[in-house]
Amino acid sequence: MMKMRKTMKLVWAVLLMFGLMVTVVACGNNTAEQENGAAEETVYKVGTEPTFQPFEYKDLETDEIVGFDIDLIKAIAEEGGFKVEIQSLGFDALIPAVQSGTIDIVASGMTIDEERSKQVDFTQPYINAGLALAVAKSNETIKSEEDLEGATVAVQIGTTGAMKANELKEQGIVEKVLTYDTIDVLMAELTKGTVDAVINDAAVTESFIKSGHDDIKIVGEQMNTEQYGFAVAKGNTELLQRLNDGLQKVMASGKYEQLLAKYDLPANARP
Ligand code: GLN
């Protein structure tokens, strides 16, 4: 009789322990599931103007938006356990869109500058950039900024290139500034001869020339130095922190250099 009770006690103890183990494992699973679920739900909308090769442009075969900025923001998202959804917008629509909450992030080769920093918050810089002057290959008169006297210059709307061209106009050097929505159009105007010169980000003009448009050339020195940052709505410190943390990790892991190489950008493009 005694033996029987002892055995029963043992059975109960084992059952109890088993039950506890099952509960612990189940709870553990639950937490993991909840965490994964929450991460999957965080999808940030990223706005970009995709005529800016190699930073953002349409892959002609797949019609998908690709480029250095796109890969970088995706790598940052992967580090941070969130997702991004890329959406095409006009360059001048990007800041208003992030301000109104239509998008969460601007990833569009956007230069960090004082005026924009009053409207949006920028991450740490992720690319060193600068403006270049381009003319038709056959142009023998415009060799640098100083030769822009009386010239018609094409720029993209809302860009630092547009600001620079307007500055040169105010100084009485450039005669006329023509503003276009996209880079492909303003480059076409230069090839057609509608305009004398283009002021645009150096790496983008270089990439355009390399992609089979050798009827255009860059002249003179790089006109200035700039740095690109991702932009978020003013005061969105949580997202800004997530992007900066991810950027730091991607820059430390070797992935950043891999992306520079993939898009044929020089090592000194790294800030
Ligand atoms: N870097 C330039 C600017 O911020 C041009 C950007 C662009 O055309 N995508 O104004």
Residue pair [X] / [Y], side-chain heavy-atom distance below 4.5 Å:
X    : Y    : answer
F55  : D201 : no
N224 : T160 : no
M187 : T205 : yes
D104 : V84  : no
Y44  : V232 : no
I218 : I209 : yes
L133 : M223 : yes
V198 : I216 : no

Once you measure the plane-to-plane angle for F208 and H213, does it fall in the parallel (<30°), tilted (30-60°) or perpendicular (>60°) bin?
parallel
same_hphob_cluster([X], [Y]) at 4.5 Å side-chain heavy-atom cutoff:
X    : Y    : result
V185 : F52  : yes
V155 : I183 : no
I127 : Y263 : yes
I73  : V66  : yes

Can you name the nearest heavy-atom pair linking [X] to [Y], along with the distance?
X    : Y    : result
K255 : A75  : CE-CB, 4.1 Å
P125 : P271 : O-CG, 3.6 Å
Y126 : L247 : CB-CD1, 3.9 Å
G235 : D121 : N-OD2, 2.8 Å
V204 : P54  : CA-CD, 4.4 Å

Among Ile, Leu, Val, Met, Phe, Trp and Tyr joined by side-chain contacts under 4.5 Å, find the other residues sharing a cluster with V106 and list them by chain and number.
L89, F91, L94, I95, V98, I103, M110, I112, V120, F122
So V195 and Y180, side chain to side chain contact (heavy atoms under 4.5 Å, CB included) or not? Walk me through it.
CA-CA 12 Å; V195 300; Y180 298 94; 4.2 Å; yes
Take atom [atom1] in [X]; do more than 12 heavy atoms of anything else shown fall under 6.0 Å from it?
X    : atom1 : result
Q222 : CD    : yes
E221 : CD    : no
K217 : NZ    : yes
Q171 : CD    : yes

Could you measure the distance from the [atom1] atom of [X] to the [atom2] atom of [Y]? Nearest 0.5 Å is fine.
X    : Y    : atom1 : atom2 : answer
Q124 : L240 : CD    : CG    : 8.5 Å
I70  : I86  : CD1   : CD1   : 4.5 Å
E149 : T141 : CD    : OG1   : 12.0 Å
E257 : K262 : CD    : NZ    : 15.0 Å
I157 : T182 : CD1   : OG1   : 11.0 Å
L186 : L178 : CG    : CG    : 10.0 Å

Taking [X] for its side chain and [Y] for its backbone only, find out whether a donor-acceptor pair lies under 3.5 Å.
X    : Y    : answer
T48  : A107 : yes
S253 : V250 : yes
Q87  : V46  : no
D147 : S144 : yes
Q156 : G158 : no
N244 : T123 : no
N166 : V177 : no
K143 : E140 : yes
K234 : S117 : yes
T152 : K176 : no

Report the C-alpha separation of M251 and R270 in whole Å, then their side-chain angles, then the decisive distance to 0.1 Å, and conclude whether the side chain to side chain contact (heavy atoms under 4.5 Å, CB included) test is met.
CA-CA 9 Å; M251 287 183 99; R270 182 186 171 121; 3.6 Å; yes
Between Y256 and F68, is the ring centroid distance below 6.0 Å?
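Yes, ring centres under 6.0 Å apart.
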Would you call E145 and K164 a salt bridge, using N to O less than 4.0 angstrom?
yes
Candidate list V135, I142, L190, test side chain to side chain contact (heavy atoms under 4.5 Å, CB included), partner D196, passing option:
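So the option named by the test is I142.
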Of the options Q248, K249, R242, Q241, which is the one that meets D245 in a side chain to side chain donor-acceptor pair (under 3.5 Å)?
Q241
Determine, stepwise, if the pair K45 / T102 fulfils side chain to side chain contact (heavy atoms under 4.5 Å, CB included).
CA-CA 8 Å; K45 292 198 187 97; T102 312; over 6 Å; no
Do we see a donor-acceptor contact under 3.5 Å between the side chains of D69 and Y228?
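Short answer, no.
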Any donor-acceptor N or O pair under 3.5 Å, side chains S211, Q53
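There is no such pair (donor and acceptor under 3.5 Å, judged by atom type) between the side chains of S211 and Q53.
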Given R116 and T111, is the side chain to side chain contact (heavy atoms under 4.5 Å, CB included) satisfied, shown in steps?
CA-CA 9 Å; R116 289 173 180 160; T111 301; 3.7 Å; yes
